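The structure under discussion appears below in the form of structure tokens.
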Amino acid sequence: QVRLVESGGGSVQPGGSLTLSCVASGNRFYITSMGWYRQAPGKQRELAARAATGSSMYYADSVKGRFTISKDSAKNMVYLQMSSLKPDDTAVYYCNADAVLLETARTTVSWGQGTQVTVSS
């Protein structure tokens with residue numbers, strides 16, 4: 001099993017910036033994809049950004065141009081740099097990873113517990 005832990009959430013003013021971090025730990029594994037999802041109250045969870053093994057990046061239209069996803073593969077970490085934040089960016093942000101467990105060659109999908117981002121004046 002791969003465990004994911006997010007950090008970096010908090011409260012900011014509209015137009016402000018935050019950077020979220022996520023670290024993966026567990027048995028020997030190979031991550032094939034990592035991403036960030038978010039869920040606001042009363043809304044379904046949506047994919048905000050994702051980075052695959054080929055470094056192909058996906059961004060939801062709602063965050064494109066404002067959010068940047070990056071990886072540090074040696075540290076098994078992924079980051080989400082958020083700028084020009086808007087009130088509707090307020091949500092719980094979840095780290096997600098697809099990984100192969102090397103000892104068993106089994107695939108696994110992991111989720112972090114989430115970190116709250118609140119954008120308000």
Side-chain angles (χ1 to χ4, degrees):
Q1 183 178 359
V2 177
R3 183 170 182 257
L4 305 178
V5 179
E6 306 99 333
S7 62
S11 298
V12 297
Q13 301 275 10
S17 300
L18 281 175
T19 298
L20 307 182
S21 301
C22 174
V23 60
S25 62
N27 296 328
R28 293 197 307 141
F29 56 88
Y30 174 78
I31 293 177
T32 58
S33 177
M34 297 190 76
W36 290 92
Y37 290 72
R38 65 183 186 178
Q39 186 168 25
K43 300 180 180 178
Q44 66 180 19
R45 187 173 299 186
E46 66 172 351
L47 175 63
R50 182 169 64 182
T53 54
S55 297
S56 178
M57 308 297 180
Y58 166 85
Y59 296 97
D61 289 341
S62 58
V63 309
K64 189 176 300 182
R66 301 186 298 116
F67 290 13
T68 301
I69 187 170
S70 60
K71 299 184 296 183
D72 186 339
S73 297
K75 297 181 179 180
N76 291 318
M77 296 192 69
V78 64
Y79 308 89
L80 185 67
Q81 183 178 346
M82 306 181 293
S83 61
S84 301
L85 285 163
K86 303 182 293 184
D88 58 4
D89 293 320
T90 296
V92 177
Y93 285 71
Y94 298 91
C95 181
N96 165 262
D98 299 334
V100 176
L101 305 179
L102 299 183
E103 291 294 319
T104 62
R106 296 180 63 182
T107 60
T108 184
V109 179
S110 301
W111 292 90
Q113 293 299 306
T115 184
Q116 177 72 46
V117 172
T118 302
V119 184
S120 67
S121 59

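In this text, all values refer to a predicted model and were calculated from it rather than measured experimentally.
- Hydrophobic cluster membership is shared by L80 and L85, with clusters built from Ile, Leu, Val, Met, Phe, Trp and Tyr side chains linked at under 4.5 angstrom.
- Side-chain contact between C95 and W111: absent, with no pair of heavy atoms (C-beta onward) separated by less than 4.5 Å.
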Using the side-chain contact (heavy atoms from CB on, under 4.5 Å) rule, take D98 and T107 through it: C-alpha gap first, then chi angles, then the decisive distance, then the call.
CA-CA 7 Å; D98 299 334; T107 60; over 6 Å; no
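- The salt bridge (charged side-chain N to carboxylate O under 4.0 Å, His left out) contacts involving residues 65-87 comprise R66-D89, where partners must be two or more places apart or lie in separate chains.
- With sequence neighbours left out, the side-chain hydrogen bond (donor to acceptor under 3.5 Å, both in side chains) criterion links Q13 to no other residue.
- Going from atom CD1 of I69 over to atom OH of Y59 covers 6.5 Å, rounded to the nearest 0.5 Å.
- When the side chains of ILVMFWY residues are joined at heavy-atom separations under 4.5 Å, either directly or via intervening members, Y79 and V92 end up in two distinct hydrophobic clusters.
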Only distances under 3.5 Å count here; give the side-chain donor-acceptor pairs of residues 19-28 to other protein atoms, sequence neighbours excluded, each with its distance to 0.1 Å.
| residue | atom | partner | partner atom | Å |
| --- | --- | --- | --- | --- |
| R28 | NE | E103 | OE2 | 3.0 |
| R28 | NH2 | E103 | OE2 | 2.6 |

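- Of the inter-residue distances, the one linking L4 atom CG with M77 atom CE reads 11.0 Å to the nearest 0.5 angstrom.
- In terms of hydrophobic clustering, with Ile, Leu, Val, Met, Phe, Trp and Tyr side chains grouped at heavy-atom distances under 4.5 Å, L102 and I31 are assigned to different clusters.
- Environment of CD in Q113: sparse, with no more than 12 heavy atoms of neighbouring residues, nucleotides or ligands closer than 6.0 Å.
- A side-chain donor-acceptor contact under 3.5 Å links S110 to the backbone of V2.
- Ring-plane geometry between Y93 and F67 is classed as tilted, the angle between the planes lying from 30 to 60 degrees on a 0 to 90 degree scale.
- We find the CZ-CZ distance between R45 and R38 to be 13.0 Å, quoted to the nearest 0.5 Å.
- The side-chain heavy atoms of S121 and P14, taken from C-beta on, include a pair separated by under 4.5 Å.
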Chi angles and distances behind the side-chain contact (heavy atoms from CB on, under 4.5 Å) call for Q81, S17:
CA-CA 8 Å; Q81 183 178 346; S17 300; over 6 Å; no
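- Taking OH from Y37 and CG from L47, the interatomic distance works out to 4.5 Å, rounded to the nearest 0.5 Å.
- Summarising the geometry, atom OG1 belonging to T108 is positioned 5.5 Å from atom CG belonging to L101; distances are rounded to the nearest 0.5 Å.
- Taking every heavy atom of both residues into account, A97 and M34 meet most closely at CB-CG, 4.0 Å.
- At least one side-chain heavy atom of Q116 sits less than 4.5 Å from a side-chain heavy atom of T90.
- To the nearest 0.5 angstrom, E46 atom CD is 12.5 Å from Y94 atom OH.
- Atom CZ of R3 sits in a sparse spot, with 12 or fewer heavy atoms from other residues, nucleotides or ligands closer than 6.0 Å.
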